[in-house]
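In what follows, every chain begins at residue 1, and chains take the letters A, B, ... in the order their sequences are listed.
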There are 2 protein chains.
Amino acid sequence: MQLISLGTQYAITSLIILGREPVGTAMSAADLAKSLESPSTYLSQILAKLNKPGIVGSRRGLNGGVYLRKKPEKIRLIDIIEAIDGSSFFETCFLGIKGCGDIEPCPFHEKWGEHKSCILFWLEETTLQNLCDDVTDSWILDRMKFDRKGVS
Amino acid sequence: MQLISLGTQYAITSLIILGREPVGTAMSAADLAKSLESPSTYLSQILAKLNKPGIVGSRRGLNGGVYLRKKPEKIRLIDIIEAIDGSSFFETCFLGIKGCGDIEPCPFHEKWGEHKSCILFWLEETTLQNLCDDVTDSWILDRMKFDRKGVS
DNA sequence: TTAATATCTAATATGCGAATTAGAATATAG
DNA sequence: CTATATTCTAATTCGCATATTAGATATTAA
């Protein structure tokens, strides 16, 4: 059991790597995938889902790749999660009872609602910038497995 | 995405129904399954997992079934969840980074840890008795789809 | 214009939890 | 003892999220 899917985990880690470069810097899905040890075309598909909400853009061809379209402080964690997983986690009943709601609540409705709100608030206020700030250089270097051009 | 599995949802609802009867009252998995609209042998397997931790016992044969072995106020929600789903939710990293921990934390480690602790505390202090108390008669009747012997 | 590099798209495969099924074992009532 | 009700066990099937693959399309550098 996980709150977010594997695909979203890949996406967030990719964006943390991307977010440490100047906005607009492109990285290929293949390079990012090498870092994450994930299949590159699969990562490509995942990152493409961040295109519609305007989080990233992409360029085909030589020196192309995926790049941020917003400043990291404008990208909220919840936006990334919703783009890929949707918002089902925040909408479903703890007991899986259909029809559960304020009118006919299951015995978990109120308390579980509080917990969900608490998590939701956190995901809304946390930005990619916060994540990039929290990450140590050694942590990120451990995950930069590709050869960066121009970096010895 | 869900915090608990479908099987655990079935188990909790079954126990709520059982918990409203005197301790020791047996109900067949088939009857309970009718209430939950779940396959009965599947429910049987799920409820069997509550046997080892001493939450329920079972009797084969005519008038047999599954019965509570503890008072509802002694059965904690967390015990039910761990018996079926295990405790992976409370042990895994938000980002799925292996090696994530206090020593080499991922950028979510601390905050996510707080949220998990908060939920864990709730699941530890909530008992089956609490759930049975919170449930309204009409709610439970909606879920009692089988013919109860001796009840008109 | 050509070769190399990438994304994009869609179809397919894989793996795992969920669900089903069939039959064996056990208990009870009469 | 027999018929019936029930759990127990293990094998199988199903469905979906995850992952892979192949080919089309686009871009750039030279």
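Closest to the side chain of B:Tyr42, out of C:dA18, D:dT18, D:dC8, is C:dA18.
Atom CD of B:Gln9 is separated from atom P of C:dG17 by 16 Å (rounded to the nearest Å). With rounding to whole Å, A:Met27 atom CE is found 17 Å from C:dT5 atom C1'. Rounded to an integer number of Å, the gap from CD1 of A:Ile46 to P of D:dA19 is 8 Å. Rounded to a whole Å, the CG atom of B:Leu6 is 13 Å from the C1' atom of D:dG15. For the pair B:Lys52 NZ and D:dC8 C1', the computed distance is 15 Å after rounding to whole Å. Atoms CG (A:Leu36) and P (D:dT20) sit 13 Å apart, rounded to a whole Å. Atom pair A:Asn51:CG and C:dT9:C1' shows a separation of 14 Å (rounding to whole Å applied). Atom P of nucleotide C:dT9 and atom NZ of A:Lys49 are separated by 13 Å, given to the nearest angstrom.
Around the NZ atom of B:Lys74, the shell of radius 6.0 Å holds no more than 12 heavy atoms that belong to other residues, nucleotides or ligands. For CD of A:Glu110, the number of neighbouring non-hydrogen atoms (other residues, nucleotides, ligands) closer than 6.0 Å is 12 at most.
Within the 4.5 Å cutoff, no side-chain heavy atoms of A:Asp79 are placed close to those of A:Pro53.
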Return a single string for nucleotides 22-30 of chain D, one symbol per nucleotide in 5' to 3' order, where B is base contact, S is sugar-phosphate-only contact and - is none, cutoff 4.0 angstrom on heavy atoms. ---BBBSS-
Show the atom names and distances, to 0.1 Å, of all donor-acceptor pairs under 3.5 Å that link a side chain in residues 83-96 of chain A to residues at least two apart or in another chain.
unit_1, atom_1, unit_2, atom_2, d
A:Asp85, OD1, A:Ser5, OG, 2.6
A:Asp85, OD1, A:Thr8, OG1, 3.1
A:Asp85, OD2, A:Ser5, N, 2.9
A:Asp85, OD2, A:Thr8, OG1, 3.0
A:Ser87, OG, A:Glu91, OE2, 3.0
A:Thr92, OG1, A:Ser88, O, 3.3
A:Thr92, OG1, B:Gln2, OE1, 3.0

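Between atom CG of residue A:Leu68 and atom CD1 of residue A:Ile75 there is a gap of 4.5 Å, rounded to the nearest 0.5 Å. Atom-to-atom distance recorded for B:Ile119:CD1 and A:Leu3:CG is 8.0 Å, nearest 0.5 angstrom.
One finds no side-chain N or O of A:Ser44 lying less than 4.0 angstrom from the OP1 or OP2 phosphate oxygen of C:dA6.
Heavy atoms of B:Ser38 sit nowhere under 4.0 angstrom from any nucleic acid atom. B:Gly7 comes within 4.0 angstrom of nothing in the nucleic acid, heavy atoms only.
Judged by distance alone, with hydrogens and angles left aside, the side-chain atoms of A:Thr127 form a donor-acceptor pair with the main-chain N or O of A:Asn130 at under 3.5 Å.
Annotation: of the two residues near DNA chain C, B:Asp85 and A:Ala30, the 5′-most nearest-nucleotide partner is A:Ala30.
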